[in-house]
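For reference, the structure is listed below as structure tokens.
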Amino acid sequence: MAEAKAKTRNIETWEVALIKALLRRQQHTKDQIISLFSRPDRTVNPYRLAEIAKGEAFAEVEEAEELQVTTYLKGFGRTEDPRRAFQDASPLHPVNLRLLLTLRAGTDELIIEETDRFECKESLNFSGKAAYARAIVAFANARGGMLLFGVRDADKKIVGINPGRLKGYDPAKLNQYLMSAFTPVPLWQKGEVEIAGKTVGVIFVPQATERPLICTKDDGDDLREGDIYFRYPGENRRVKYAELASIINQKRQEAGRAWGSILRRIDRAGIENVALLNVESGLVEGPSGRFLIDETLIPKLQFISRGHFSEEEGAPALRLLGDVETIQGATVDVAAEVVDHVHVNDDLLIEAFVSRASVSHPRLFIEHLAYTTKLWLPVFAFVRMAGMTDEEAAALVAEQQGAKPKMVERQGVRIVSRDVPVGAAKPTSAEPARSAIIAQTLPTPATEKDCRAFVKAVRTLEAGEVKADYLLPLLESCWRTFDKPGVRASTQYAIAHVDVMLHKQGAK
């Protein structure tokens, strides 16, 4: 009996974070939630679930982000390490940071053994960007890592930084420096967590997908043009031969796999039916001839080379009709990279809004409005994330080079006026769906007919009647599930309407 008890595993904090998010969503019954977290060696007690729901247990645990919930549900029963998937979906979630940054018993010193994954800084001062940039790039060239601010390097003692010091820092300043000093440019995210009663700032750097990152200019003693920096235990230094050879060999293998995939696709299509698109010049060449895409469309095509697309039953993910449009049955997989994606498109912008993704560079999403052909896209959520006024956001759109003047003007007018899409139905004609939405009793639309009735009713809602926690998951479900052009457009208009209403409500 004692042996059986020893095998029992208590519910973990990362699971509690997911349970809290699922309870708030109200899309799963309590029995379903219990089944999602019960295992052969552990059954979740319904009473514990009730305690979590009431805040009587694990009150200090923050709710999981939408991407973490989606990742867990998609991988349920198939992911070997769901905790790792939870961490990878949002590395800077407070639960992840507390699990990763643990204290030595009886002290306020962190237990850090992998010094090639962590670098500690006692203070935070962005006037010396070169040293931080060198560390970020070194992590990106190695296997990724974290810069910790407010932690003394000698003994890993937490000394803390002022709360909000890192969180409030404008990432565009460091990004501009990184773009001027390195190619390719590394991705990074920032956050803060409270440990031992003090604030620790964290910059997370994933391993770069395109390595090596190379320094392109000199800056003091920290940066030298042509150098490649790599993170070794306890130091950032020029890469050694063994590590550089490994990176180059990996690039060769990846290139070989990419060429193999391309050749297999050419073979399936038939070489006589294949043309090549140069996304830099816009030139399309094939056996039957060549044509050039209008240079004003080229910036909108850039995401093709770096976006992540999934195809169903061999259907092409995109088609060109004077612009780039999604095809029925094809989906854009934004996955975890939505928070730092550099190349924004319409679908990515909408996905980020409905999933409430934590976007690190919201200004890029606002800037995209200058290049889209769609007037009604969510924007105000990103205006709030960027800490901008409506007028500042409109000015940012107007500053974009290569944009269409008429579209820029229309976008600016609608941002400042907070207009909603035209053509909404009268509230009385949207019943009973409208009342059910306000009462938060309308279930997730299961058919196209349900979706049409739902989005029609959504567009009749006024400021004060929109509950983001309830409504956005329903809109996300419609957007992902029903992709016929008419339904898709109606859902997009409803999403834009909700974005405006939430802005008028002063949603955070």
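We use all heavy atoms of the structure for the numbers below, so side chains are in, but hydrogens, waters and symmetry mates are not.
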Legend entry - Sub-4.5 Å side-chain heavy-atom contact between Y229 and L213: no
Inset, instruction - Could you tell me whether a side-chain N or O of T447 sits under 3.5 Å from a main-chain N or O of D450, the two making a donor and an acceptor? - result: yes
Inset, instruction - Indicate yes or no for a side-chain donor-acceptor contact from S246 to the backbone of A242 under 3.5 Å, with no hydrogens or angles considered. - result: no
Inset, instruction - Report, as yes or no, whether the 6.0 Å neighbourhood of atom CD on E113 holds more than 12 heavy atoms from other residues, nucleotides or ligands. - result: no
Inset, instruction - Specify the closest pair of heavy atoms between A64 and A21, including all atoms of both residues, with the distance to one decimal. - result: O-CB, 3.8 Å
Inset, instruction - State, yes or no, whether a side-chain contact exists between C451 and T491 at a heavy-atom distance under 4.5 Å. - result: yes
Legend entry - Pairwise side-chain contact, F230 with K240, heavy-atom cut-off 4.5 Å (strictly under): no
Inset, instruction - To the nearest 0.5 angstrom, please state how far the CD atom of E65 sits from the CG atom of L92. - result: 9.0 Å
Legend entry - Non-hydrogen side-chain atoms of S355 and L67 separated by less than 4.5 Å: no
Inset, instruction - Report yes or no: is the cationic atom of K121 (NZ for Lys, CZ for Arg) under 6.0 Å from the centre of the six-membered ring of Y132, at an angle within 45° of the ring normal? - result: no
Legend entry - Under 3.5 Å: donor-acceptor pair, side chain of Q68, backbone of A89: no
Legend entry - Minimum-distance pair of heavy atoms, taken over all atoms of Y470 and A436: OH-O, 4.0 Å
Legend entry - Minimum heavy-atom distance V61-A17, with the two atoms named: CG1-N, 3.9 Å
Legend entry - R363 (side chain) donor-acceptor with V383 (main chain) under 3.5 angstrom: no
Legend entry - E62 and K20 ion-paired at < 4.0 Å: no
Legend entry - Side-chain (N141) to main-chain (A208) donor-acceptor, under 3.5 angstrom: no
Inset, instruction - Using a strict 4.0 Å threshold on nitrogen-to-oxygen distance, state whether E192 and K198 make a salt bridge. - result: no
Legend entry - Basic-acidic side-chain contact under 4.0 Å: E66, R25: yes
Inset, instruction - Give a yes or no on whether the backbone of P473 and the side-chain of S477 come within a donor-acceptor separation of less than 3.5 Å. - result: no
Legend entry - Heavy-atom side-chain proximity of Q505 to V466 below 4.5 angstrom: yes
Inset, instruction - Look only at the side chain of R459 and the backbone of Y493, and say whether a donor-acceptor pair between them is shorter than 3.5 Å. - result: no
Inset, instruction - Determine whether L174 and K190 make a side-chain contact, defined as any pair of heavy atoms from C-beta on separated by less than 4.5 Å. - result: no
Legend entry - From CA spacing to verdict: side-chain contact (heavy atoms from CB on, under 4.5 Å), R211, V239: CA-CA 12 Å; R211 298 185 299 163; V239 68; over 6 Å; no
Legend entry - Candidates R42, R98, R83 - the one meeting salt bridge (charged side-chain N to carboxylate O under 4.0 Å, His left out) with E12: R83
Legend entry - R143 backbone acceptor or donor facing R231 side chain under 3.5 Å: no
Inset, instruction - Examine distances only and state if a side-chain atom of E109 and a backbone atom of L103 form a donor-acceptor pair shorter than 3.5 Å. - result: no
Inset, instruction - For the residue pair V458 and L474, establish whether any side-chain heavy-atom pair is separated by less than 4.5 Å. - result: no
Inset, instruction - Report, as yes or no, whether the 6.0 Å neighbourhood of atom CZ on R257 holds more than 12 heavy atoms from other residues, nucleotides or ligands. - result: yes
Inset, instruction - Just do the side-chain contact (heavy atoms from CB on, under 4.5 Å) check on F149 and L166 with the steps written out, would you? - result: CA-CA 9 Å; F149 298 94; L166 178 59; 4.2 Å; yes
Legend entry - From CH2 (W188) to CZ (F139), nearest 0.5 Å: 14.5 Å
Legend entry - Residues Y232, E243; criterion side-chain contact (heavy atoms from CB on, under 4.5 Å); working and verdict: CA-CA 10 Å; Y232 293 95; E243 285 73 32; 2.8 Å; yes
Inset, instruction - Starting at CG of L36, measure out to CZ of F76 and round the result to the nearest 0.5 Å. - result: 5.0 Å
Inset, instruction - Inspect the surroundings of CD in E80 and state if more than 12 heavy atoms from other residues, nucleotides or ligands are less than 6.0 Å away. - result: no
Inset, instruction - Determine whether more than 12 heavy atoms belonging to other residues, nucleotides or ligands lie under 6.0 Å from atom CZ of F380. - result: yes
Inset, instruction - Decide yes or no on side-chain contact (heavy atoms from CB on, under 4.5 Å) for N273 and I266, but give the supporting numbers first. - result: CA-CA 8 Å; N273 299 318; I266 291 174; over 6 Å; no
Legend entry - Separation between CD1 of I33 and CG of L18, rounded to the nearest 0.5 Å: 10.5 Å
Legend entry - Residue pair V379 / F365, side-chain heavy-atom distance below 4.5 Å: no
Inset, instruction - Kindly give the heavy-atom pair with the smallest separation between D108 and A196, and that separation in Å. - result: CB-CB, 4.2 Å
Inset, instruction - Classify the angle between the aromatic ring planes of Y72 and F37 as parallel (below 30°), tilted (30 to 60°) or perpendicular (above 60°). - result: parallel
Legend entry - side chain to side chain contact (heavy atoms under 4.5 Å, CB included) partner of Q27, chosen from T444, V69, L73: T444
Legend entry - Pair R356 + E476, salt bridge at N-O below 4.0 Å: no
Inset, instruction - Output the distance between atom CD1 (I11) and atom CG (L49), rounded to the nearest 0.5 Å. - result: 7.5 Å
Legend entry - CD1 on I350 to NZ on K374, rounded to 0.5 Å: 7.5 Å
Inset, instruction - Give the minimum heavy-atom separation between A433 and A457, together with the two atoms involved. - result: CB-CB, 3.8 Å
Legend entry - Atom of L23, atom of I52 and distance for their closest heavy-atom approach: CD1-CG2, 4.3 Å
Inset, instruction - Please test E15 against R39 for salt bridge (Lys or Arg N to Asp or Glu O under 4.0 Å), starting from the C-alpha separation and ending with a verdict. - result: CA-CA 12 Å; E15 295 174 299; R39 304 170 189 163; 2.3 Å; yes
